[in-house]
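Working notes, beginning with the structure itself.
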Amino acid sequence: MTFIPLRERLAELLRRALQAAQAAGALPPFEIPEPLPVEPARHAAHGDYGSPVCLGLARVVRRAPLQIAQAVIPHLPAADFVAHAEAVAPGYINFTLSEAWLAAQVAEVLAAGEAWGNVDLGKGKRVQVEFVSANPTGPITIGSARNAVIGDTLASVLSAAGYRVEREYYVNDAGSKARKLAVSVFNKYAELLAAPVALNEETYPGAYITTMAESLVASAGRRYLEQEPETALREIMRWAIAQVLVTVEADLACLRVHFDSWRHERDFYATAAAGEVSLFEQRLAVLREAGNIVEKDGATWFTHPDLDKDAVLIRSAQVIPNPEDRPTYLASDAAYVWDKLVLRGFDRAIYVWGADHHGDVPRLFAITKAQGLDPERVSVILYQMVTLLRGGEEVRMSKSSGEFITLRDLVDEVGPDPIRFMMLTRTVDVTLDFDLDLVVEQSDRNPVFYVQYAHTRIAGVLRKAAELGLAVDTPGDLTLLKHPSELALIRKLLALPEVITLAAGAVAPHHLTLYATELGALFHAFYRDCRIADPDDLPLTYARLTLARAAKSVLARVLQLMGMDAPDRM
RNA sequence: GCCCCCGUAGCGCAACUGGAUAGCGUAGCGGACUUCGAAUCCGUCGGUUGCAGGUUCAAAUCCUGCCGGGGGCACCA
């Protein structure tokens with residue numbers, strides 16, 4: 001079940017009015033602008049929605065905007081949801097919704113239940129959201145939390161917007177970080193067995209390395225010490241990454257983040273049988289054919305006119321004393337985007353990257369175009385970095401130093417909801433101060449509880465009404481809903497399809513937190529102004545209980561989209 | 001030096017992507033619980049949207065140049 005946002009329905013009315021006005025000769029012929037702008041009014045005096053379209057038409061029509069607007073009004077088709085439309089200086093067309101129609105919509109919202117707000121923006125297209133994709137070299141840290149929450153919420157919103165969505169975690173298991181993990185475990189393992197450290201390379205110091213090494217001692221004994229180090233390392237790498245991924249999956253599950261698939265970088269270099277060519281080699285051959293590959297200094301480079309430098313390294317045999325050729329990140333990107341858009345046939349691929357990767361964006365697009373793929377099918381969500389604060393001081397973290405706060409620890413302390421909400425409150429474009437003191441605080445200073453409290457309060461009212469002997473689920477006579485606070489709440493309930501359209505279309509999941517907060521505020525205002533359970537006026541009581549249930553349903557829905565709980569008690 | 005993001009009320013941020021009188025939260029001050037949950041609500045104070053130009057009927061939003069903050073420019077990932 002999907003719904004058409006009100007502003008789109010209004011835009012359609014305007015479109016038909018503009019056509020009719022031209023057909024009737026009230027306006028000269030011109031092309032109707034697309035998209036046709038319709039905006040929520042900012043001031044009550046402007047009605048509910050307004051369109052500035054006539055302001056822009058003044059030039060082509062060669063008439064004053066207000067005159068154009070006045071010429072359009074008589075041609076607006078009648079619609080049950082519009083009570084009034086008028087032309088206002090300097091040339092806006094303002095719409096006021098019918099209050100009777102608004103009140104009646106409460107039943108529609110309630111009937112739609114969890115489907116309320118769904119729109120058909122995606123038209124069933126398949127989109128993959130790939131996110132987190134942290135190197136599998138240790139536990140998930142708070143550093144990845146913003147990525148996880150943005151990606152997961154975006155996926156939920158796209159799903160509500162009519163896309164078929166898959167969530168994917170890309171496992172970087174072919175690079176030097178994977179090797180470093182293996183070396184770390186191997187060296188610690190050797191140390192535990194009092195053997196001389198075999199590999200003099202940099203290692204991770206974290207306690208989880210020791211845990212894995214102990215586990216390895218228990219299961220394998222001294223076996224790996226007797227093997228050729230590189231052979232042992234390859235086996236340990238595979239094992240260690242699998243171990244880490246188990247914890248990664250569990251850590252993210254704590255935050256209510258789940259993936260549909262886990263794609264391994266290594267697979268792009270692997271072959272199923274002897275004599276076969278890996279996907280990477282196939283794509284490399286195609287790029288070479290297209291003239292995008294140059295050999296220089298004994299290495300392989302990718303070149304493309306869109307790049308701001310001559311060439312980007314794709315493979316070098318002399319990077320590390322490693323039996324395998326170890327290509328760079330860009331190399332697997334070439335195979336991966338092909339894998340997404342062609343082999344697996346997604347219509348769109350969305351990458352969620354931290355701002356520290358912004359330099360990689362042009363390369364990704366270049367290597368997409370170079371393979372003949374439409375770059376419009378690829379989007380990169382770049383979110384700015386998170387600054388962790390504790391006691392007003394910045395907390396620095398790094399896996400290399402072994403000093404970091406794990407996501408697991410924080411979730412265990414405060415639960416997923418405050419983390420998710422805080423990570424969503426700002427646009428992806430601004431750096432986020434994440435206050436560890438505030439997020440653990442269960443008080444009204446913590447904004448997450450405001451929205452959940454609104455839901456809880458409704459649940460409390462419904463409980464109270466039931467105690468009074470009222471049949472809470474009885475459909476009320478909605479024509480009794482006329483109070484400004486009732487109507488304001490209803491207007492907000494009806495805005496959800498627009499919010500989902502906006503959040504999905506502009507890839508801006510922060511609109512959900514704004515909407516949830518506004519919705520909560522309007523419920524509180526309704527609660528203040530309108531006594532819901534009034535034994536002396538049962539018809540009005542049932543009407544208001546119906547509205548309260550609808551508000552509860554929509555709050556639950558928007559919290560669900562954000563991956564948060566909608567508690568009945570707090 | 002080049003690239004990306006940001007600069008809006010004391011502080012933290014919105015502004016539906018160029019529209020009307022720039023909003024919300026916090027902090028400050030003053031109010032509202034014998035009445036459906038006060039984790040709430042109401043009032044009040046607070047603005048030359050960093051600066052200077054430009055484009056437009058219309059600029060917080062687009063362009064140029066400065067200033068300030070953050071991030072990135074590896075044979076790392």
Side-chain angles (χ1 to χ4, degrees), chain A residues 7 37-43 45-46 50-53 55-56 58-59 64-65 88-92 94 133-135 137 172 174-178 180 265 297-299 301 308-309 313-320 326 328-330 332 354-362 382-385 387 425-433 435 442-450 452-454 456-465 467-468 495 498-499 501-503 505-506 508 510-511 513-515 517-518 520-521 523-525 527-534 541 544-545 548 569-570:
Chain A
R7 65 195 304 177
V38 174
E39 304 158 352
R42 282 214 252 217
H43 303 281
H46 299 153
S51 175
V53 65
L55 299 176
R59 185 180 297 275
V88 187
Y92 291 93
N94 289 340
S133 303
N135 284 316
T137 55
N172 291 115
S176 68
K177 293 283 163 71
K180 186 172 167 183
E265 180 185 11
D297 307 329
W301 305 73
D308 57 356
K309 50 182 85 171
L313 186 79
I314 218 171
R315 176 164 68 177
S316 166
Q318 60 202 46
V319 194
I320 271 184
R326 200 163 58 67
T328 64
Y329 203 54
L330 179 67
S332 47
D356 51 344
H357 285 88
H358 93 267
D360 299 333
V361 175
L382 278 183
Y383 63 91
Q384 297 298 313
M385 309 310 278
T387 308
T425 46
R426 306 209 197 307
T427 66
V428 298
D429 289 329
V430 306
T431 55
L432 181 70
D433 287 339
D435 190 328
Q442 298 214 7
S443 77
D444 54 0
R445 287 219 313 141
N446 192 334
V448 66
F449 298 115
Y450 182 86
Q452 290 184 320
Y453 176 65
T456 301
R457 199 179 209 185
I458 299 173
V461 171
L462 296 178
R463 274 195 304 270
K464 182 73 179 184
E467 283 169 22
L468 292 173
E498 284 164 36
V499 173
T501 302
L502 185 63
H510 76 284
H511 282 110
T513 59
L514 295 174
Y515 175 74
T517 306
E518 291 163 4
F523 173 78
H524 290 308
Y527 175 90
R528 162 184 32 99
D529 293 335
C530 302
R531 178 152 196 96
I532 298 170
D534 179 2
T541 294
R544 286 178 171 168
L545 282 171
R569 294 175 198 275
M570 289 169 66

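Heavy atoms only: backbone and side chains are in, while hydrogens, waters and symmetry mates are out. Throughout, a chain's letter reflects where its sequence line sits, starting with A, and its residues are numbered from 1. Quick caveat: nothing in here was measured; it's all calculated off a predicted structure.
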Position toward the 5' end of RNA chain B (nearest nucleotide), A/L55 or A/N172: A/L55
Length of the line joining A/Q384:CD and B/G70:P, which is rounded to integer Å: 13 Å
Rounded distance in Å - NZ (A/K464) to C1' (B/U35): 9 Å
Ring-face cation of A/R457 near A/Y527 (centre distance under 6.0 Å, axis angle within 45°): yes
Any A/H510 side-chain N or O less than 4.0 Å from OP1/OP2 of B/A15: yes
Protein-nucleotide distance (A/E518, atom CD; B/G25, atom C1'), rounded to Å: 12 Å
side-chain N/O A/R42 vs B/A20 OP1/OP2, d < 4.0 Å: yes
Sugar-phosphate, base or nothing in reach of A/A58, heavy atoms under 4.0 Å: nothing
Base B/A77 paired with A/D356 side chain (donor-acceptor, <3.5 Å): no
Check: A/D356 and A/M385 side chains under 4.5 Å, non-hydrogen atoms: yes
Identified pairing partner of B/G1, criterion: Watson-Crick or G-U wobble below 3.5 Å: B/C73
Note, A/L462 side chain near A/L545 side chain (heavy atom, < 4.5 Å): yes
Rounded distance in Å between the C1' positions of B/G18 and B/U49: 15 Å
Identity of whatever pairs with B/C41 - Watson-Crick or G-U, under 3.5 angstrom: B/G31
Euclidean distance for P, B/A9 against B/C24 (whole angstrom): 15 Å
Whether A/S51 side chain and A/P37 backbone form a donor-acceptor pair below 3.5 Å: yes
A/D534 backbone acceptor or donor facing A/T541 side chain under 3.5 Å: yes
Syn or anti for B/U64 (syn when the glycosidic angle lies within 90° of 0): anti
Phosphate OP1/OP2 of B/C16 contacted by A/T501 side-chain N/O (<4.0 Å): no
Between B/G1 and B/G46 - C1' atom distance, rounded Å: 42 Å
Sugar-phosphate only, base, or nothing, as touched by A/G505 at under 4.0 Å among non-hydrogen atoms: nothing
Side chain of A/K177 (C-beta onward), nearest among B/A20, B/A77, B/C16: B/A77
Sugar-phosphate only, base, or nothing, as touched by A/D534 at under 4.0 Å among non-hydrogen atoms: nothing
Sidechain-backbone polar pair: A/R426 side chain, A/T431 backbone, donor-acceptor under 3.5 Å: no
Whole-angstrom distance between B/A20 and B/C73, as gauged at atom P: 40 Å
Sugar-phosphate, base or nothing in reach of A/G56, heavy atoms under 4.0 Å: base
A/H358 versus A/L382, closest heavy-atom pair with distance: CB-CD1, 3.5 Å
Touch class at under 4.0 angstrom, heavy-atom based, for A/P65 against every strand present: nothing
Annotated protein contacts, base or backbone, on nucleotides 38-43 of chain B with a non-hydrogen cut-off under 4.0 Å, one of B, S, - each: SBSSS-
Pairwise P distance, B/C2 and B/G10 [rounded to whole Å]: 33 Å
Any-strand Watson-Crick or G-U partner of B/U64, both distances under 3.5 Å: B/A52
Under-3.5 Å donor-acceptor pair between A/H358 side chain and B/G71 base: yes
Comparing A/L514 and A/T456 on RNA chain B - which has the more 5′ nearest nucleotide: A/L514
Polar side-chain atom of A/R7 near backbone of A/V38 as donor-acceptor pair, under 3.5 Å: yes
B/A20 base stacked by A/Y92 (centroids within less than 5.5 Å, tilt under 30°): yes
Atom pair distance, as rounded to whole Å: CZ in A/R426 and P in B/G25: 15 Å
Integer angstrom distance from the C1' of B/U26 to that of B/U44: 15 Å
Atom of A/E39, atom of A/P52 and distance for their closest heavy-atom approach: OE2-CG, 4.1 Å
Euclidean distance, atom CD of residue A/E467 to atom P of B/C36 [Å, nearest integer]: 11 Å
Spacing between A/L313 atom CG and B/C76 atom C1', to the nearest angstrom: 11 Å
Sugar-phosphate, base or nothing in reach of A/D435, heavy atoms under 4.0 Å: nothing
Whether A/H524 and A/Y453 hold their rings parallel, tilted or perpendicular, with breakpoints at 30° and 60°: parallel
Assigned glycosidic conformation for B/C62 [threshold 90° from 0]: anti
Sugar-phosphate, base or nothing in reach of A/A506, heavy atoms under 4.0 Å: base
Whole angstrom value for the distance that separates P of B/C76 from CD of A/E265: 14 Å
A/L514 side chain reached by A/H510 side chain, heavy atoms, under 4.5 Å: yes
Pairwise P distance, B/G47 and B/A22 [rounded to whole Å]: 13 Å
Pairwise P distance, B/A59 and B/G19 [rounded to whole Å]: 11 Å
Strand partner of B/A20, provided both Watson-Crick or wobble distances fall under 3.5 Å: none
Separation of atom CG in A/N135 from atom P in B/A77, rounded to whole Å: 9 Å
